[in-house]
Trainee: 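The structure's right below; bear with me while I get my questions together.
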Amino acid sequence: MSAGSFSNLISESHNSNKSTRCRGTRAVMIFLLTYQLWGNITMTNGYGMDPTHREALMWQCEEWSVENISWSGNPFDVIASVTFVHSSTGEQRTTHMFYVGDNQWKFRFTGTRTGEWRFSTSSDDTELHGHTGTVTVKPRANPQVKGFLTHVGNKYAIMEEDIDHLQGYVYQVFMNQQDYEQQYRHPSRILWDASRTHLISEYWKNTQENGFDIYFFAVFYSWFRMGALSIDDFHSGAYPDLDQPDPFLFDTLERAIKHAHERGGRTHIWAWGDNDRKQTPNHLADGFRGERHRRLIRYMAARLGPLPGWSMNFGFDTIEMPNAEIDAAWWAKEMNRAMGWSHILTSRGWDNEHFGACSYAGFGGDPYDLETTDKGPANYDEIKQHMETHKDKPSIYEERHTYNRWQCWSGKVPDPNRLNEAGCRRLIWWEAMAGGMGGFFGHFSVRFNRYGPFRPEGACGYHPESLMRAFRTHRDFWRNGRLRLDMSPDNTRVRDAEGYCLVGIDKNHFVFFFEGADSVTVDLSGMPASQPVIAVDTKADYKEIDKGKLMAGVHTIHLGRTSDWVLAIGNFVAP
């Protein structure tokens, strides 16, 4: 085949009869099943079209497939890069091809600007080298579908119309480990085998019912074999399966990412787990930075990098690793170098330039860089302090603030009621009102361990309906673009009540949150013109109560009943 020919650039409906040389009979069966599953959610729209040109919508991931029968060795070590160039601005995105079995390599692209993008492929493998083509990106059809997560200063930001149009984003993660995100062998664990992909839609529905737009998955050693939780699921750290990523795991994880993204949501991933439970890559025979881990990083970057809709943490309790901060930072650097699209990567407890956000551990006493007070954060003031300490990147409390966690903890803890219903409800509001701290809520599992039990009929069960309702109200309030990127705390504007204030730089936009009040006094000094006021009872179903308009000055607003209230003052226009 001559360079530049598209004779082996095939449509996604192609199904070669050649068997893969990847994992023998098991691999063939898994690949065929995977191919059928992926065909139902294919990200391409170019069937029957000129394979050298296609059209896409903004934030729609496109995929091409190339047949290559001349490869030798480990197919996951075949290197082929693809560079996309935006014709008008010269913006470049470089990604890599990835092997999926049956002599097929694929590559993906998501446009960050409308207009024409030209691509070309480069590889020492002649069948993967020299392909060229174009893709024209058109505006998104659905404003609910957003782009990549980024940040402006210490605030999370989401790409709207394109890479240049950003909106503030409230980053709150939900984990239902009891029913969907198990870290143990159980029929509810989605990342266990092929039969459980139908649970993704159930998990998303459950996430929405609990008041969140981001759900959580932990992968661990399933990167190499779907269902594997640790190195102990293999005969040794040098077991042959560890030489190759498991394409079926990626298909399932990508299905979850795509399912949430199409519905305006996102996916938060823990790549690895706990070192003492042998859930980290330093247990591989060739070590943390060995070829097995490097091969996996290349594959993760090629498959996941072009997909909008996800962020990733390295793992938990990383202090147990021999070179925790240095190795985790190396992982983030390698991922970002290979992906072509930037994603926010974190490692809990470490403050390092290679992490896209500051992820706080929550137990105190460990030699981490980033820690809250013991079982913290203790209050709003601590959250605000953490936000102000790191103004160049966003932050997240990646310790899981599961409902009533400290009431069920095995040892004595300060303030065991800290995460009761009122505590959870106020914590999530404090995080937003401090300027946009990320957070993590949900349930542990009854099968977890003595640290964080789940008791369906006891204190540590599911969220009660009243808390689910409050979380939904929190989500719906901020969904309307009310956490503006120019907002900062100014609590001097709160009078005669327990409360907090965010104000925009132009003083045209204010958000106030009050605890246990039936009337509140706010200082709107400096507001240049009259602005509409709405009030929302944060304990009730989401309902905006029109309180008229106010001019600059100090005003008392009567709310009618005692509750925790949020006020939005100004014209907040959703995209």
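Fair warning: this is a prediction, and the values are worked out from it, not measured in the lab.
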Trainee: Is the ring centre of Trp429 less than 6.0 Å from the ring centre of Phe477?
Mentor: yes
Trainee: Please round to the nearest 0.5 Å and tell me the distance separating atom CG of Asp164 and atom CG of Leu166.
Mentor: 7.5 Å
Trainee: With salt bridge (charged side-chain N to carboxylate O under 4.0 Å, His left out) as the criterion, how do Asp213 and Arg266 come out once you've worked through the C-alpha distance, each side chain's angles and the decisive distance to 0.1 Å?
Mentor: CA-CA 6 Å; Asp213 283 335; Arg266 306 190 68 79; over 6 Å; no
Trainee: Exactly one of Met312, Glu398, Met175 should register a side chain to side chain contact (heavy atoms under 4.5 Å, CB included) with His268. Which one does?
Mentor: Glu398
Trainee: Is the shortest distance from a Lys or Arg side-chain nitrogen in Arg493 or Asp490 to a carboxylate oxygen in the other one below 4.0 Å?
Mentor: yes
Trainee: Charged N to carboxylate O below 4.0 Å: is that the case for Lys146 and Glu262?
Mentor: no
Trainee: Which atom pairs, one a donor and one an acceptor, fall under 3.5 Å between side chains of residues 494-506 and the rest of the protein, sequence neighbours left out?
Mentor:
unit_1, atom_1, unit_2, atom_2, d
Arg495, NH2, Asp523, OD2, 2.8
Glu498, OE2, Tyr500, OH, 3.2
Asp506, OD1, Asn508, N, 3.0

Trainee: Looking only at non-hydrogen atoms, find the nearest pair between Leu199 and Ser188 and report the distance.
Mentor: CD1-O, 3.8 Å
Trainee: Run the salt-bridge test on Glu431 and Lys384 with the 4.0 Å N-O cut-off and return the result as yes or no.
Mentor: no
Trainee: When the aromatic ring centroids of Phe216 and Phe174 are compared, is their separation below 6.0 Å?
Mentor: no
Trainee: Do the side chains of Lys375 and Glu399 get close enough for a salt bridge, i.e. N-O under 4.0 angstrom?
Mentor: no
Trainee: Under 6.0 Å from the six-membered ring centre of Phe212 and within 45° of its axis: does the NZ or CZ of Arg472 meet both?
Mentor: no
Trainee: Would you call Arg108 and Glu62 a salt bridge, using N to O less than 4.0 angstrom?
Mentor: no
Trainee: Under 4.0 Å between a side-chain nitrogen and a carboxylate oxygen: does that hold for Asp537 and Lys539?
Mentor: no
Trainee: If you take the centroid of each ring, where Trp contributes its six-membered ring, are Trp409 and Phe363 closer together than 6.0 Å?
Mentor: yes
Trainee: Run the salt-bridge test on Arg93 and Glu91 with the 4.0 Å N-O cut-off and return the result as yes or no.
Mentor: yes
Trainee: Could you tell me whether Asp162 and Arg140 make a salt bridge, using a distance below 4.0 angstrom between a side-chain N and a carboxylate O?
Mentor: no
